[in-house]
Amino acid sequence: MLFYLITLSLQRFISEDVPVLGEDSPANERFVTTEAWKHSDFLCKNYILSCLEDGLYNVYSIMKTLKELWNALEKKYKTEDAELKKFVAAKFLDFKMVDNKSVITQVQELQVIVHDLLAEGMVINEVFQVAAFIEKLSPMLKDLKNYLKHKSKEMMLEDLIVRLRIEEDNKAAERSLVEIQQ
């Protein structure tokens with residue numbers, strides 16, 4: 001909604017009050033300025049209200065100004081944002097790779113969770129991401145995990161994913177070879 005108001009050049013009404021011109025300015029100028037502000041405030045407020053569900057519309061339509069409406073909505077939804085951040089962070093911390101699922105599929109799932117964290121404004125540098133991905137590898141990949149943890153050169157996330165893909169392909173080739181030999 002903020003982006004929409006910005007595109008209409010109306011975002012300033014979120015934080016502004018009715019402009020007060022001094023007594024030294026002409027009465028008609030004071031009237032025109034106040035009415036123009038009220039009109040823009042009315043438009044912005046109704047742009048937002050029109051996007052709300054019917055039940056929420058009834059709750060928030062009683063607000064007198066856009067600033068009042070915006071502050072009420074921000075108070076309600078900023079709390080939910082904090083809860084979403086905690087949920088996404090917990091999802092990241094609880095994620096564990098398992099042996100019976102493709103490593104690459106699980107890496108992609110983890111990448112989606114990291115993307116959600118970043119989208120929520122949490123900062124996770126790439127070195128931490130690589131370390132976390134390595135730490136979350138399944139017990140079946142213990143040797144690879146130890147090798148990657150003790151590697152002296154820093155690895156980028158894409159390099160790690162390529163390495164994991166190669167490792168998974170090698171394991172699949174080994175399994176195929178064993179099946180053929182049997």
Side-chain angles (χ1 to χ4, degrees), residues 1-98 101-102 104-136 154 156-161:
M1 183 51 64
L2 179 60
F3 177 73
Y4 181 60
L5 294 177
I6 289 170
T7 60
L8 297 172
S9 297
L10 296 172
Q11 77 279 4
R12 66 188 179 99
F13 294 96
I14 292 170
S15 57
E16 286 184 2
D17 291 318
V18 178
V20 178
L21 298 177
E23 292 295 321
D24 56 335
S25 54
N28 65 341
E29 185 180 329
R30 285 194 311 260
F31 176 77
V32 169
T33 302
T34 302
E35 288 304 307
W37 185 93
K38 286 179 182 178
H39 178 72
S40 295
D41 185 75
F42 172 82
L43 288 175
C44 289
K45 182 179 133 194
N46 284 291
Y47 286 145
I48 293 173
L49 289 172
S50 70
C51 293
L52 298 177
E53 294 177 3
D54 291 342
L56 290 176
Y57 178 89
N58 294 333
V59 171
Y60 291 104
S61 62
I62 61 171
M63 304 291 174
K64 301 275 188 257
T65 64
L66 169 65
K67 184 177 177 181
E68 184 182 353
L69 170 63
W70 190 264
N71 289 338
L73 289 169
E74 230 180 21
K75 184 177 179 182
K76 177 179 175 28
Y77 290 104
K78 286 282 183 174
T79 304
E80 289 180 12
D81 283 351
E83 291 170 6
L84 182 59
K85 286 180 182 183
K86 290 176 191 172
F87 172 76
V88 175
K91 193 173 175 183
F92 175 77
L93 294 171
D94 291 341
F95 188 91
K96 291 183 178 88
M97 292 191 190
V98 293
K101 208 170 169 185
S102 162
I104 296 303
T105 301
Q106 294 177 85
V107 165
Q108 290 168 345
E109 290 173 20
L110 195 52
Q111 282 180 300
V112 169
I113 295 170
V114 168
H115 178 269
D116 291 345
L117 287 170
L118 296 172
E120 288 302 317
M122 292 184 239
V123 179
I124 306 172
N125 70 30
E126 192 161 3
V127 173
F128 181 83
Q129 287 180 45
V130 169
F133 278 50
I134 291 170
E135 208 50 49
K136 291 178 179 297
E154 258 185 38
M156 302 304 286
L157 187 58
E158 288 305 315
D159 297 333
L160 174 62
I161 292 169

Open item on the list: Could you walk me through whether Glu109 and Lys136 satisfy the salt bridge (charged side-chain N to carboxylate O under 4.0 Å, His left out) test, starting with their C-alpha distance in whole Å, then the side-chain angles of each, then the deciding distance to 0.1 Å, before giving a yes or no?
Closed with: CA-CA 12 Å; Glu109 290 173 20; Lys136 291 178 179 297; over 6 Å; no
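With a 4.5 Å cut-off on side-chain heavy atoms, Gln111 and Ile161 count as touching. Taking the side chain as every heavy atom from C-beta outward, Thr34 and Lys38 approach each other to under 4.5 Å. Residues Tyr60 and Ile48 form no side-chain contact, since every pair of their non-hydrogen atoms from C-beta on lies 4.5 Å or further apart.
When the shell of 6.0 Å around CE of Met1 is examined, it contains more than 12 heavy atoms from other residues, nucleotides or ligands. Few gaps surround CD on Glu35; more than 12 heavy atoms of other groups in view lie less than 6.0 Å from it.
Residues meeting the salt bridge (charged side-chain N to carboxylate O under 4.0 Å, His left out) test with Arg12, sequence neighbours left out: Glu16.
Between Gln11 and Ile6, the shortest heavy-atom distance links the atoms OE1-CA, 3.4 Å. Between Leu5 and Cys44, the closest heavy-atom pair is CD2-SG, 4.0 Å. Across Val18 and Trp37, no two heavy atoms sit closer than the pair CG2-CZ3, 3.1 Å. Heavy atoms only, all atoms of each residue included: Gly22 and Ser25 are closest at O-OG, 2.7 Å. The shortest non-hydrogen separation linking Leu52 to Tyr57 is CB-N, 4.1 Å. Counting all heavy atoms, side chain and backbone alike, Met63 lies closest to Ala72 at CE-CB, 3.6 Å.
Of the possible polar contacts, none joining the Lys45 side chain to the Glu68 backbone as a donor-acceptor pair under 3.5 Å is found. Formation of a donor-acceptor pair under 3.5 Å by the Lys101 side chain with backbone atoms of Gln106 is not found in this model. When atom types are taken as modelled, the side chain of Thr33 and the backbone of Arg30 share no donor-acceptor pair closer than 3.5 angstrom.
A distance of 12.5 Å separates CG of Leu110 from OG1 of Thr105, quoted to the nearest 0.5 Å. In this structure, OG in Ser61 is found 11.0 Å from CG in Asp54, a value given to the nearest 0.5 Å. Here the OG1-CD1 distance, from Thr65 to Ile14, works out to 11.5 Å after rounding to the nearest 0.5 Å. With rounding to the nearest 0.5 Å, the separation of CZ in Phe42 from CZ in Phe13 is 14.0 Å. Considering CG of Asn71 and CG of Leu66, their distance stands at 9.0 Å, rounded to 0.5 Å. Rounding to the nearest 0.5 Å gives a distance of 10.0 Å between CE of Met97 and CD1 of Ile134.
Leu117 pairs with exactly one of Met122, Gln129, Lys91 by the side chain to side chain contact (heavy atoms under 4.5 Å, CB included) rule, that one being Met122.
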